[in-house]
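Working notes, structure below.
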Amino acid sequence: MAFEGLADRLQSTIQKIRGRGKVTEQDVKEMTREVRLALLEADVNFKVVKQLINKIKERAIGQEVMESLTPGQQVIKVVQEELTQLMGGEQSKIATAERPPTVIMMVGLQGAGKTTTTGKLANHLRKKHNRNPLLVAADVYRPAAIDQLETLGKQLSLPVFSMGTEANPVDIANEAIKKAKEEHHDYVIIDTAGRLHVDEKLMDELTQIKTDVKPAEIFLVVDAMTGQDAVNVAESFDSQLDISGVVLTKLDGDTRGGAALSIRAVTGKPIKFVGMGERTDQLEAFHPERMASRILG
Ligand code: GDP
């Protein structure tokens with residue numbers, strides 16, 4: 001489970017301070033030192049850690065005493081609020097286009113979980129928001145991707161638009177939107193091609209699709225297990241495509257959780273969903289506050 005080590009360490013650190021009737025500057029310094037080490041060990045980006053610790057110190061030392069909380073509890077509240085802020089504060093929603101269909105472009109490197117997440121997201125939109133999405137197989141370079149999406153579509157009883165592997169992804173996207181209008185789909189989710197590394201050809205193609213289909217959302221799918229690499233991938237996709245949000249997959253297998261804690265701070269883009277397993281129902285909306293509470297126990 002994600003954040004296991006971090007949660008254990010942070011919880012034992014804050015436990016020490018929780019019941020205190022008096023918290024000295026020295027106590028705060030000791031606590032933040034432990035928090036800092038725990039975050040670094042969880043593979044959180046070091047710049048992000050530094051900023052977070054400075055903020056916690058600034059607020060925890062010399063804050064107004066509130067009557068309802070013990071000084072120990074107040075310090076913990078600061079840590080919790082800052083962690084929540086770090087992960088993006090409020091939960092962010094999926095955008096809706098002024099005129100349907102709302103187009104969502106799914107982008108990411110091969111193996112990140114893009115195709116799986118496309119199916120999961122369609123399932124989520126239908127089940128939780130009563131939407132009628134059309135899935136689009138535009139990953140023509142990994143032949144198995146089209147079959148995979150079609151299989152997911154069958155499993156979920158959702159339509160999949162494909163034109164095989166010979167067609168141009170930009171044409172596929174444009175045709176799919178025409179079809180969505182004709183058949184009154186309110187959402188179109190495009191599974192675009194990925195590559196093993198970020199490269200110019202990939203970005204050019206994605207930029208072209210973006211220009212043509214004017215998506216309401218561009219979701220970057222990144223693998224949480226890749227830690228700081230996930231943060232770097234997010235930075236480069238964002239600089240080229242101006243993504244609107246991140247889906248962090250395989251959080252079920254990432255015990256450290258460093259990427260989840262760094263991505264928002266480094267890119268400024270919110271984590272919208274997290275993948276918690278291979279099944280189509282294992283996608284969760286990302287709630288910064290709940291996540292911070294889970295970490296701090
Ligand atoms: P793509 O190349 O980006 O389209 O990647 P795929 O969708 O084919 O996913 C690659 C592998 O990751 C597959 O075996 C998926 O079942 C697996 N996967 C995707 N999301 C998750 C997740 O949230 N948790 C786990 N454990 N596995 C996932």
Side-chain angles (χ1 to χ4, degrees), residues 1-4 104-125 127-128 133 135-156 158 160-162 164-165 169 172-173 176 188-199 201-203 205-206 209 215 217-227 229-234 236-238 240-241 243 245-261 263 271-287 291 294:
M1 198 35 235
F3 305 119
E4 226 164 346
I104 302 177
M105 248 176 99
M106 306 295 288
V107 302
L109 294 182
Q110 230 170 58
K114 198 164 30 59
T115 304
T116 311
T117 306
T118 302
K120 284 177 171 180
L121 188 61
N123 188 37
H124 171 91
L125 282 169
K127 281 209 164 144
K128 298 261 159 70
L135 298 172
V136 184
D139 183 355
V140 296
Y141 306 115
R142 183 167 73 88
I146 297 182
D147 294 343
Q148 195 182 332
L149 196 65
E150 281 174 344
T151 306
L152 276 169
K154 276 204 194 94
Q155 209 179 311
L156 297 166
L158 284 169
V160 175
F161 181 86
S162 88
T165 53
I172 298 175
V188 175
I189 312 178
I190 306 174
D191 183 21
T192 65
R195 287 210 171 71
L196 289 176
H197 305 281
V198 176
D199 66 31
K201 201 160 167 260
L202 171 68
M203 290 303 170
E205 183 179 297
L206 295 174
I209 298 178
E217 300 270 17
I218 302 179
F219 287 162
L220 171 69
V221 179
V222 284
D223 178 343
M225 304 261 281
T226 58
D229 264 351
V231 181
N232 296 335
V233 166
S236 54
F237 270 83
D238 189 41
Q240 306 264 344
L241 284 172
I243 60 171
V246 173
V247 180
L248 202 57
T249 62
K250 311 185 198 180
L251 205 59
D252 52 309
D254 171 37
T255 53
R256 300 199 292 172
L261 286 169
I263 278 187
I271 297 174
K272 300 253 185 174
F273 292 94
V274 290
M276 299 299 291
E278 298 192 66
R279 286 203 328 258
T280 50
D281 61 346
Q282 289 175 315
L283 182 77
E284 293 176 12
F286 185 72
H287 301 277
M291 195 58 98
R294 194 147 105 191

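Worth saying up front: this structure is predicted, and the values here are computed from it rather than measured. As the structure lists them, so they are numbered: ligands from 1, and atoms in each ligand from 1. Just so you know, residue 1 is the first one in the sequence shown, and it goes up from there.
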Out of Gly277, Gly119, Gly194, Gly108, whose heavy atom sits nearest atom 21 (C) of ligand 1? Gly277
Closest protein heavy atom to [atom], given as residue, atom name and distance to 0.1 Å:
atom                    : result
atom 26 (N) of ligand 1 : Asp252 OD2, 2.7 Å
atom 27 (N) of ligand 1 : Glu278 CG, 3.3 Å
atom 5 (O) of ligand 1  : Gly113 N, 3.1 Å
atom 2 (O) of ligand 1  : Gly111 N, 2.7 Å
atom 7 (O) of ligand 1  : Thr116 OG1, 2.5 Å

Report the part of Thr117 (side chain from C-beta onward, or backbone N, CA, C, O) that has a heavy atom under 4.0 Å from ligand 1; answer both or neither where that applies. neither
Heavy-atom distances under 4.0 Å decide this one: backbone, side chain, both or neither, for Met225 against ligand 1? neither
Is any side-chain heavy atom of [Y] closer than 4.5 Å to one of [X]?
X      : Y      : result
Lys201 : Arg195 : yes
Val198 : Phe237 : yes
Leu121 : Leu283 : yes
Val188 : Ile104 : no
Lys120 : Arg279 : no

Which of the numbered atoms in ligand 1 are below 4.0 angstrom from a heavy atom of [X]?
X      : value
Met276 : 23 (O)
Gly275 : 23 (O)
Gln148 : 6 (P), 7 (O), 8 (O)
Lys250 : 12 (O), 18 (N), 21 (C), 22 (C), 23 (O), 24 (N), 25 (C), 27 (N), 28 (C)
Leu109 : 3 (O)

Mind checking whether Lys114 has an N or O less than 3.5 Å away from an N or O of ligand 1? yes
Please round to the nearest 0.5 Å and tell me the distance separating atom CZ of Phe161 and atom CD1 of Ile146. 11.0 Å
With a cutoff of 4.0 Å, is [X] in contact with ligand 1, counting heavy atoms of the residue only?
X      : value
Ala112 : yes
Leu283 : no
Gln282 : no

With distance as the sole test, does Thr115 use its side chain to make a donor-acceptor pair with the main-chain N or O of Leu149 at under 3.5 Å? no
